[in-house]
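These values consider heavy atoms only, across backbone and side chains, with no hydrogens, waters or symmetry-generated copies. Position 1 is the first residue of the sequence; numbering continues from there.
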Amino acid sequence: MPAASWAPLTPAERAVAIEVLTHGPISRTEIARRLDLSAGSLTRLTKPLIESGLLIEDPAPVTTAAARQGRPSQPLDIVAESRYFAGFKITADAVYGVVTTLKSDIVADRTVPLHTHDPDQVADLLHTMTEEFTAAFPRLSGIGVGVGGHVVDGRAGEGRTGTVSSPFLGWRSVPFADLLEQRTGLPVVVKNDVAALIESEAWFGAGRGLDRFAVLTIGAGIGYGLVIGGQLVRTRDGDHGIGPRWIVSQNGPLTPDGDRGSVVSFLAIPSIRYQVRAATGRDHTYDEILALAAAGDPMPARVLDEAARALGTVVAQIANFAMPQKILLAGEGVGLVDVAGPAIEEAIHANRDPFAAPVPLETKISDFNDWARGAAVLAIQILVLGRPEV
């Protein structure tokens, strides 16, 4: 049977829970300051959250300067193991599943090959994986699914998402959330996989505590997102993607689909493999191309040098226009930074004002479990905290 959920939180309770979840352990004084609440109001809001088992008073007292002026207070923290969440990343070849705590720590994972793209059979596979996870973690409370493609919001007010159109899977307007929810009896959230990863990094990763945070993902495709005030900026374009039309150079390389000079044509893994294959007549994996370039093989080195300079240009453009406090480069293609870092830095400097501050850049080679964890974070946000869509 599905685990029982907490009673729906009021907007004020939700705000407190989010502060503790993303910044805890945290003192009541700091929560009150962040949310502009009186001590009495905060006490009233936290009492039901503690009684429900969502929050706990950390036994270690707060020792900040403010706390030392009076009686030391006990910080509040989330009860991480009070509920568990399943996250799935669906690729063309496999399903990657994880179980996380309420703080998004992965406690179990499993990968299953995908031999069909039929939506009902894929839903059956995720149902089987969910049953195995639930057997080990009976307090499994929700499911998040990340898919490469366009995901359309469900009915207004639900806070979930509905249908999926994915070129990787050959899906068009598939109501996958409904299919999986009918099978598991658990609440299901389905989102674009890049959006899921960005939300995860904003809440629990590289963007935690930052007001302005940008993410560029490099892999089979190119993803981009901007977080402002702790929330992912959403537009009417949704998750259609901007990579194929984000032109770096009109004289750049062609993708297999015929796009010239775009971010995708320079940086996407299939495009890089295509360029090397067209130039050498030999097919190599991305890791092999990185190794060949690092060893001085001229053609792979040339392709990666162009990719690196394009990446540096894109990073500079993001820094110039979005002005984030940090830019995270994530995905399977980030190994480019290790091989061609100097070229990236040169391009960044060439496209920035000479007196501009250095670009705060962080890299993270994300495996598919990281993407699945991002999907689980969506379930934590929307299903437990009732985070509204923006």
Side-chain angles (χ1 to χ4, degrees), residues 3 5-85 87 98-107 137 139 141-142 144 196 198-213 227-232 325-326 328 370 373-374 376-388:
S5 299
W6 289 287
L9 304 181
T10 67
E13 290 172 340
R14 180 185 306 141
V16 172
I18 291 174
E19 286 297 324
V20 178
L21 180 62
T22 56
H23 300 291
I26 184 171
S27 71
R28 285 177 168 83
T29 301
E30 180 63 14
I31 297 172
R33 185 192 67 79
R34 287 173 175 268
L35 300 179
D36 195 22
L37 294 171
S38 67
S41 295
L42 184 60
T43 298
R44 175 178 56 80
L45 292 169
T46 56
K47 183 178 179 181
L49 300 179
I50 293 173
E51 291 175 347
S52 70
L54 177 59
L55 302 186
I56 190 173
E57 292 182 311
D58 194 307
V62 175
T63 57
T64 62
R68 286 195 296 268
Q69 294 176 6
R71 186 180 65 182
S73 63
Q74 290 180 308
L76 293 174
D77 203 358
I78 287 286
V79 182
E81 290 76 23
S82 56
R83 291 294 188 275
Y84 294 95
F85 299 84
V98 301
V99 177
T100 77
T101 68
L102 190 49
K103 285 190 172 184
S104 84
D105 295 319
I106 295 176
V107 294
F137 301 93
R139 294 192 299 278
S141 298
I198 293 171
E199 293 277 16
S200 175
E201 291 294 335
W203 274 48
F204 299 104
R208 183 180 181 184
L210 298 180
D211 181 64
R212 298 185 318 284
F213 171 60
V227 175
I228 298 178
Q231 295 189 6
L232 178 63
Q325 294 163 281
K326 181 187 289 186
L328 175 68
D370 288 321
R373 173 180 174 261
V377 169
L378 293 174
I380 293 171
Q381 291 179 328
I382 298 174
L383 301 178
V384 176
L385 302 179
R387 187 175 186 222

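- Screening residues 33-46 for salt bridge (charged side-chain N to carboxylate O under 4.0 Å, His left out) gives Glu19-Arg34, Glu30-Arg33, Glu30-Arg34 as the qualifying pairs, with residues at least two apart or on separate chains.
- A search for side-chain contact (heavy atoms from CB on, under 4.5 Å) contacts involving Gln325 returns Leu210, Asp211, Arg212, not counting sequence neighbours.
- Between Pro25 and Leu76, the closest side-chain pair of non-hydrogen atoms is not below 4.5 Å.
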Candidate pair Thr101 and Val107, rule side-chain contact (heavy atoms from CB on, under 4.5 Å), full reasoning: CA-CA 7 Å; Thr101 68; Val107 294; 3.7 Å; yes

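- Taking each heavy atom of Asp77 and Gly24 in turn, the nearest pair found is OD1-C, 3.9 Å.
- For Ser200, the side chain to side chain donor-acceptor pair (under 3.5 Å) criterion is met by Arg373, not counting sequence neighbours.
- Taking both residues in full, the closest heavy atoms of Gly142 and Ala379 are given as C-CB, 4.2 Å, listed atom of the first, atom of the second, then distance.
- Listed by chain and residue number, Val16, Arg28, Ile31, Ala32, Leu37, Thr46 satisfy the side-chain contact (heavy atoms from CB on, under 4.5 Å) test with Leu42 (two or more places apart in sequence, or in another chain).
- Residues passing the salt bridge (charged side-chain N to carboxylate O under 4.0 Å, His left out) test with Glu81, sequence neighbours excluded: none.
- Minimum heavy-atom separation, Ala196 to Leu378: CB-CD1, 3.5 Å.
- Between Asp105 and Thr100, every side-chain heavy-atom pair lies at or beyond the 4.5 Å cut-off.
- Taking CD1 of Ile106 as the reference point, atom CG of Asp370 lies at 6.0 Å (rounded to 0.5 Å).
- In this structure, the separation between NZ on Lys103 and OG1 on Thr22 is 10.5 Å, given to the nearest 0.5 Å.
- A search for side-chain contact (heavy atoms from CB on, under 4.5 Å) contacts involving Ala206 returns Glu201, Phe213, Lys326, Leu328, Glu362, not counting sequence neighbours.
- The CZ atom of Arg83 sits 12.0 Å away from atom CD1 of Ile78, with the distance rounded to the nearest 0.5 Å.
- Between Ser104 and Val377, some side-chain heavy-atom pair lies under the 4.5 Å cut-off.
- With sequence neighbours excluded, the residues forming a ring pair (Phe, Tyr, Trp, His ring centres under 6.0 Å) with Tyr84 are Phe137, listed by chain and number.
- For Thr10, the side-chain contact (heavy atoms from CB on, under 4.5 Å) test picks out Ala12, Glu13, with sequence neighbours left out.
- Between Leu102 and Leu54 the shortest side-chain heavy-atom distance falls below 4.5 Å.
- Atoms CG and CD1, from Leu21 and Ile380 in turn, are 6.5 Å apart once rounded to the nearest 0.5 Å.
- In this structure, the side chains of Gln381 and Trp203 come closer than 4.5 Å at one or more pairs of heavy atoms.
- In this structure, Thr43 has no side chain to side chain donor-acceptor pair (under 3.5 Å) partners at least two apart in sequence or on a different chain.
- Ala202 and Val227 make their closest contact through CB-CG2, 4.0 Å (heavy atoms, listed as atom of the first residue, atom of the second, distance).
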